[in-house]
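The analysis underlying the following values was restricted to heavy atoms, covering all of them including side chains, and did not include hydrogens, waters or symmetry mates.
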Amino acid sequence: MTDPIELLIQGRAHELGPGFAVRRVLPSVKRRMVGPFIFLDHFGPMTVAPGGDGMSVRPHPHIGLATVTYLFEGGIFHRDSLGYAQAIRPGDVNWMTAGSGIAHSERTEDEMKRTGFRMHGVQTWVALPHAHEETAPAFQHVAAADLPTWKEGGSSMRLIVGTYGGRTAPTTHFSPIFYVAAEMPAVASITVSPEHAERGVYVSHGSVMVGDRQLGVGDLAVLAAGQPINVLAGADGAKLMLLGGAPMDGPRHIWWNFVSSSQERIEKAKADWREGRFAKVPGDPEFIPLPDR
């Protein structure tokens with residue numbers, strides 16, 4: 001039988017801030033993108049005691065991409081240079097189109113820090129196609145109740161972005177894409193639809209079997225194209241992110257928070273941030289300086 005897994009990528013530890021560790025999965029030396037997804041960070045699950053710091057990502061810039069934040073537990077407060085100030089809760093989607101340039105911050109709300117909280121979620125970046133790399137920046141919040149949900153066997157499925165299985169999410173997108181959160185009870189089974197050219201299965205909780213291989217937390221399986229593929233949850237169940245879409249229309253450069261098909265455009269973005277030419281984030285005067293390298 002053909003191996004349903006084309007490539008296996010394992011996330012690596014990365015420090016997002018003091019006491020806030022994440023697994024960085026994409027980009028990887030093995031594979032830069034799966035469909036338009038060029039970046040994947042998985043944080044938690046973690047318990048932050050009352051008075052703890054939580055997430056404190058100061059204002060920083062982006063170009064040429066869209067950020068997609070999805071939470072299983074906890075909350076994040078988003079502010080950006082367009083003036084949006086939006087809390088995100090489990091099951092909701094924050095989609096921020098950076099396009100020609102935007103700055104934003106992501107922080108834990110004061111009340112959550114006061115009481116203590118649990119945090120678990122995934123942040124991805126979606127590269128924009130050539131025609132939209134310099135599109136005007138924008139922000140969209142989609143509440144959990146407005147996203148397509150369904151049951152597959154005993155598993156709960158939610159379409160975050162794009163199209164999948166005849167369903168379409170209201171979330172903005174610029175190229176063929178799908179992004180599905182799957183919560184599977186013990187030994188439940190789902191089938192990943194073959195409709196998209198590039199597909200990945202990321203394990204954020206528990207374990208699953210794909211073919212004869214067991215995947216655990218931090219594993220991203222890039223699936224072989226063109227066939228429906230069965231995923232079987234382990235004894236503790238699983239939480240998965242199914243993601244992918246059409247191959248990107250050419251390679252992308254990535255440096256810090258900038259993504260572009262043009263290295264020269266990234267150099268301009270670096271100079272613009274260094275010289276303070278990005279718009280400021282109202283209500284959040286701090287910023288992350290341009291890294292030395």
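No more than 12 heavy atoms of other residues, nucleotides or ligands lie within 6.0 Å of CZ in Phe287, so this atom counts as exposed by the packing criterion.
Contact check for Leu26 versus Val34: side-chain heavy atoms found under the 4.5 Å cut-off. Under the 4.5 Å side-chain criterion, counting only non-hydrogen atoms from C-beta, Glu73 is not in contact with Phe117. At least one side-chain heavy atom of Pro27 sits under 4.5 Å from a side-chain heavy atom of Ile254. With contacts defined as side-chain heavy-atom distances shorter than 4.5 Å, the pair Arg167/Trp150 qualifies. Two residues are said to be in side-chain contact when any heavy atoms from C-beta on lie closer than 4.5 Å; Gln123 and Tyr70 fail this criterion. When side chains are defined from C-beta on, Leu240 does not count as touching Tyr202, because their heavy atoms never get closer than 4.5 Å. Between Gln140 and Thr97 there is no side-chain heavy-atom pair separated by less than 4.5 Å. Two residues are said to be in side-chain contact when any heavy atoms from C-beta on lie closer than 4.5 Å; Ser105 and Arg58 fail this criterion.
Relative orientation of the Tyr84 and Phe139 rings is tilted, given thresholds of 30° and 60° on the angle between their planes.
To the nearest 0.5 angstrom, Glu134 atom CD is 6.5 Å from Ile63 atom CD1. For the atom pair Ser207 OG and Gln214 CD, the distance stands at 4.5 Å (nearest 0.5 Å). Rounding to the nearest 0.5 Å places CG of Asp212 at 8.0 Å from CD1 of Ile5. Separation of atoms CG (Asp92) and CG (Asp146) is listed at 9.0 Å; rounding is to 0.5 Å. With rounding to the nearest 0.5 Å, the separation of CZ in Phe77 from CD in Glu111 is 14.0 Å. The distance from the CD atom of Glu198 to the CE atom of Met33 is 8.5 Å, given to the nearest 0.5 Å.
Closest non-hydrogen pair, Gly226 versus Pro194, comes out as C-CB, 3.9 Å. Between Met112 and Gly74, the shortest heavy-atom distance links the atoms CE-C, 3.8 Å. Across all their heavy atoms, Pro129 and Ser175 have their closest contact at CG-CB, 4.3 Å. Across every non-hydrogen atom of Pro228 and Thr191, the tightest pair is CB-CG2, 3.6 Å. Residues Thr163 and His196 come closest through the heavy atom pair O-NE2, 2.8 Å. Of all the heavy atoms in Met96 and Asp80, the pair that sits closest is SD-CB, 4.4 Å.
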Side chain to side chain contact (heavy atoms under 4.5 Å, CB included) for Leu71 and Arg89? Distances and angles first, verdict last. CA-CA 6 Å; Leu71 298 178; Arg89 297 289 184 255; 5.9 Å; no
Test side chain to side chain contact (heavy atoms under 4.5 Å, CB included) on Arg12 and Val25; report intermediate values, then the result. CA-CA 7 Å; Arg12 57 210 183 276; Val25 184; 5.8 Å; no
Test salt bridge (charged side-chain N to carboxylate O under 4.0 Å, His left out) on Arg252 and Asp249; report intermediate values, then the result. CA-CA 9 Å; Arg252 290 298 185 272; Asp249 56 354; 2.7 Å; yes
Show, in sequence, the C-alpha distance, side-chain angles and deciding distance for Asp284 and Glu286, and conclude whether the side chain to side chain contact (heavy atoms under 4.5 Å, CB included) test is met. CA-CA 6 Å; Asp284 200 335; Glu286 294 186 298; 4.1 Å; yes
Yes or no on side chain to side chain contact (heavy atoms under 4.5 Å, CB included) for Ser261 and His253, after CA distance, side-chain angles and deciding distance? CA-CA 6 Å; Ser261 59; His253 303 280; 5.8 Å; no
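Ring to ring, His205 and His120 are not that close: their centroids are 6.0 angstrom or more apart. Taking the six-membered ring for Trp and the full ring otherwise, Trp95 and His141 have centroids separated by 6.0 Å or more. Aromatic ring centres of His60 and His62: separated by under 6.0 Å.
Residues Val192 and Leu243 do not share a hydrophobic cluster, clusters being chains of Ile/Leu/Val/Met/Phe/Trp/Tyr side chains in contact below 4.5 Å. When the side chains of ILVMFWY residues are joined at heavy-atom separations under 4.5 Å, either directly or via intervening members, Phe43 and Val48 end up in a single hydrophobic cluster. Both Ile9 and Val126 belong to a common hydrophobic cluster when Ile, Leu, Val, Met, Phe, Trp and Tyr are linked at side-chain heavy-atom distances under 4.5 angstrom. Neither Val161 nor Phe178 shares a network with the other; the hydrophobic side chains, linked directly or stepwise wherever heavy atoms of I, L, V, M, F, W or Y lie under 4.5 Å apart, form separate groups for each. In the hydrophobic clustering of this structure, Met119 groups with Ile88; members are Ile, Leu, Val, Met, Phe, Trp, Tyr whose side-chain heavy atoms approach within less than 4.5 Å, directly or through other members.
Checked options Leu242, Val68, Thr171, Val93; the residue passing with Tyr179 is Val68 (criterion: side chain to side chain contact (heavy atoms under 4.5 Å, CB included)). In summary, of the residues considered (Asp41, Val217, Asp219), a side chain to side chain contact (heavy atoms under 4.5 Å, CB included) with Arg23 occurs for Val217 alone. Screening Val122, Leu220, Val180 for a side chain to side chain contact (heavy atoms under 4.5 Å, CB included) with Met241, the sole residue that qualifies is Val122.
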Only pairs under 3.5 Å count here: list side-chain donor-acceptor contacts from residues 181-189, not counting sequence neighbours, and write none if there are none.
| residue | atom | partner | partner atom | Å |
| --- | --- | --- | --- | --- |
| Ser189 | OG | Asn230 | OD1 | 3.4 |
| Ser189 | OG | Asn230 | ND2 | 2.6 |

Check: residues 274-283 side-chain donor-acceptor pairs under 3.5 Å, at least two apart:
| residue | atom | partner | partner atom | Å |
| --- | --- | --- | --- | --- |
| Arg277 | NE | Asp272 | OD1 | 2.7 |
| Arg277 | NH2 | Asp272 | OD1 | 3.0 |
| Lys280 | NZ | Gly276 | O | 3.3 |

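Between Glu6 and Arg31 a salt bridge is recorded (basic side-chain N to carboxylate O distance below 4.0 Å). Under a 4.0 Å N-O distance rule, the pair Asp110/Arg107 does not qualify as a salt bridge. Residues Arg79 and Glu106 are not paired through a salt bridge, judged by the lack of any N-O separation under 4.0 Å between the basic side chain and the carboxylate.
Figure legend: Lys270 and Trp255 shown as a cation-pi pair, the cationic atom lying under 6.0 angstrom from the six-membered ring centre and within 45 degrees of its axis.
For Thr47 and Arg118, the side-chain atoms include at least one donor-acceptor pair closer than 3.5 Å.
Judged by distance alone, with hydrogens and angles left aside, the side-chain atoms of Arg213 form no donor-acceptor pair with the main-chain N or O of Leu8 at under 3.5 Å.
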